[in-house]
Amino acid sequence: MTAARRNANNTPMTGPAIETEGLTKDYTTGFWLAKKKRSLDNLTMQVERGEVFGFLGPNGAGKTTTIKLLMGLTFPSAGTARILGRPVSDVGMHNEIGYLPEQPYFYDYLTACELLDYFARFHGYGAAERRERVERMLKKVGLETAGKIQLRKYSKGMLQRVGVAQAILHDPQVVILDEPMSGLDPLGRREVRDIILELKRAGRTVLFSTHILGDAEMLCDRVGVIAGGKLRGVGAPKEIVGVQSHGMEILFEPGSGAGAAGILEKAVRMGERYRIEVAEGELYGAIEQLRAAGAKILSVVQVRQTLEDYFLELIGAEQARTSAVEVGEK
Amino acid sequence: MKRAGIVAWNTFREAVRDRVLYNLVFFALLMIAAALLVGQISIGIEQIVIVTLGLSAISLIGILMAVFIGVGLVSKEMEKRTLYALLAKPVRRWEFLLGKFAGLALTLAVNTAAMATGLAGAMWLVQGSLRAEDAAVLVAVYFILLKLAIVVSLALLFSCFTTPLLSTLFTAGLYVAGVFAPEIRAIGKVTGNAALDAVAMGFSYLLPNFDNFNVIAAAAHRRAIPGMLVAQNTLYAAVYCAIALTGATMIFSRRNLK
Amino acid sequence: MAMLLLAVIPAGFASVWRLQRGIDRQLAEMHQEQDELVLRSGKMLRLLSLEYGAFLADVYWTRTVQYYGDRRVRQVANLETLGPLLDVTTTLDPQLLPAYRFGAIFLAENAPQGAGRPDLAVELIQKGIRNNPDFWRLYYDLGFIYYWELKDYKKASEAFLEGSKNPKALIWMKVMAAKIAAEGRSRETSKILWREIYESTQDKLVRENALRNLKLLRAEEDCEYLDGLAGRYARSAQRRPERLEDLVSAGILPGVPVDPEGVPYVLGADGKTHVHPKSPLLGYPKGPPPR
Ligand SMILES: Nc1ncnc2c1ncn2[C@@H]1O[C@H](COP(=O)(O)OP(=O)(O)O)[C@@H](O)[C@H]1O
Ligand SMILES: [Mg+2]
């Protein structure tokens, strides 16, 4: 069915799902709109079909700006963007695109059911199909019991879930999600991750933005890192952010055995516990040593460069200090 | 077009859920009070007073609704960002605007029809019956509705490029100026200045001439309103709304959403 | 697309222009009165009242009637303001016929019934005729003021004749015109005119006033008749009666006759019969001099 619709819309079946070329956006600011601020600078990138692409960058990097340009909510100062081979100004192809806005807000006088039913109408579904889809989507995002409650009574996280539901309601080829995990509890994050993986399995293209490294790493085939409005690099998550291993980190509680002194010297005390960083090759030796000393090993983790470190490297300490970056929970 | 209809229907639903139609209670009370009191205070003109009072109230309530809801139609959706998800659906911006316009027009039509029914009830109370010549009152109600449609289209136009407060001021200002259109046209003649006359003339034709739609006095005296005027006013309102909505589309289609 | 949109706006304004001319023609036919000057107070008010002028007129009118409708108030009220009030009212709503008819009566009549300004009454009625040329009864009112208050029988006759040209006018408009032209004032004519006023209006005040005038005409007749009887008494008794009771004791009358309000007539010092000065017929709760 989607194939038939795609053909009817003359959407080419090959080529990248999303491509931008020299995409640039200047915002004018100030009372007289005289000051110009470049929020996105010459962005050229491609997202292949069937790929989950993470758009990674600190707050204010230009992620939302890019996504709004792709959705035709704002218009580029320069450059072009195409989705499924068609220019983004072509609203007809929105049948093939799902979009979750950042911090979504919906008509608060509607219930979740009514909102989804309203949106479904634009895709031309009949009453029976609308009902079926709305029910299915609400279940998928874990709102099946809240469907009849007006959205004004929803929490931020619940709105986020409704937002995800409306983005995938019409089974689109390309799904664009702006910060889909923000505002969600751990369970919600997990559910959204599952939904993205499910979309991937179904061969859909997903582009999502995040400032949380963990999310990108866990889901993406490729990530693009953006900071200060410029694309800093594109590649598999490992290539981009996990390249230089800084060794291994061992967390332990010291025992009373002999021979511990040598190791404790190198370790950093954290309350009751100690932390020690060793090169990868020395890991087993260090563990042996700790065992011998009667220490209780709590965890062994690979130490990698954090996103923060990466941005520091990329854009220099000066700029990065002003942009808040979190490293999400592992 | 179908998509504009979907937007219109939701706009109507929003108005209903926001309890906009509660104003009808106020109008009903006004009509009941008027019907009861008019015989006591207005010697000889009860049937005239009930109509002028009723039509004036219908017009005033309608104008207030058209302006204040009208300027919020687009700006509220931009402010709350409810528009983002909607425009990501296969909806063109002009379809959205048309739907918003039609939705409020529908709301006003339902509201006005309810008020007109109330007025008919009050007339029936005062007169003891309804007569064929009372149809003039119905035409006056229809003209009010045409006028409201123009006001909505103007409010929509302004709210596409400026703040709600300024849109309110512009719409209200243009409404008042439009009521005075005939007087503005006469300015040049009174002063005898040819240049001023030409400017005033041109300006008065560009303004929406709301005086065209004011037949409250004629309706109150149950004077038949010519069918030609009904046709011309209908066309006038349609053309004016089309102009305003075209302007709104031109602006809104180029607008970057914040 | 943009070109198409750009075409819509000029084409739209062009048709607005054309339509407006058509609408202007229609509206001009609907209200015949041309706006001469904006600055007269009524006009100004109409401008400021936006489209709610008709309603404002009703408010003015109601206030006017409320104020002047109370006979006791009317006696002490400053009737100077009645003219301007009616003028504003009829400017706000030029079709408000009851205001013209009310004004015709109460502007014209002398105190304490009215303002004693028949000139203003004529002006008001003429304005009413300009605004409502089809409404022939305004000619009647005009003729009546000329006849009753101004005693200008030529103009009165002309007004009736003018009104009779309206195909809807009753035939006796023409009869009245001829009768007044021929006879000037006569009690019979007065009676017909007041009766017509009484019957043609729903206005309580106007009807009350017409009825009172009809009763006065009756009383006038009675008094003339009683004067005749007094003459008869004088001839047979060789002296003038001092009171009407004298006629009763002489057997000429079965009892002292009363006016239409039930108050006995009195014989004045001048030897003529009069309505009792305290009779409500004279329109006074207390008793200033009759006119
Ligand atoms: N409507 C706007 N007007 C002016 N500046 C804006 C506007 N929207 C975004 N910006 C600026 O553009 C930059 C990029 O913002 P954004 O794309 O929202 O970042 P993020 O990557 O956090 O989504 C920021 O510096 C922001 O201040
Ligand atoms: Mg963002």
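To find a chain, count down the sequence lines: A is the first, B the second, and so on, and within it residues start at 1. As the structure is a computational prediction, the values presented were derived from the model and not from experiment.
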Taking only Lys NZ, Arg NE, NH1 and NH2, and the carboxylate oxygens of Asp or Glu, determine whether K139(A) and E144(A) approach each other closer than 4.0 Å. no
Quick check on E114(A) against chain B: is it the side chain, the backbone, both or neither that has a heavy atom closer than 4.5 Å? both
Give the intermediate values and the outcome of side-chain contact (heavy atoms from CB on, under 4.5 Å) for residues V7(B) and Y118(A). CA-CA 9 Å; V7(B) 175; Y118(A) 174 52; 3.8 Å; yes
Counting heavy-atom pairs under 4.5 Å with chain A, the top scorer among R13(B), K2(B), K76(B), R255(B) is R13(B)
Examine whether an atom of R81(B) lies under 4.5 Å from a heavy atom of chain A, and if so say whether it belongs to the side chain, the backbone or both; otherwise answer neither. both
Heavy-atom closest contact (F119(A) atom, H123(A) atom, distance): O-CD2, 3.6 Å
Go through R3(B), R92(B), E14(B) and name the one with the most non-hydrogen pairs under 4.5 angstrom from chain A. E14(B)
Distance-minimising heavy-atom pair for F27(B) and M115(B): CE2-O, 3.0 Å
Name the region of L110(A), side chain, backbone, both or neither, that has any atom closer than 4.5 Å to a heavy atom of chain B. both
Specify which of L83(B), I6(B), D18(B) makes the most heavy-atom pairs with chain A at under 4.5 Å. I6(B)
Please determine which of V88(A), D178(A), I97(A) meets the side chain to side chain contact (heavy atoms under 4.5 Å, CB included) test together with M71(A). I97(A)
Interface moiety of E77(B) toward chain A, non-hydrogen atoms closer than 4.5 Å: side chain
Electrostatic pair E198(A):K140(A) at N-O distance under 4.0 angstrom: yes
Chain B shares the most heavy-atom pairs under 4.5 Å, among Y105(A), Y27(A), Y107(A), Y99(A), with Y107(A)
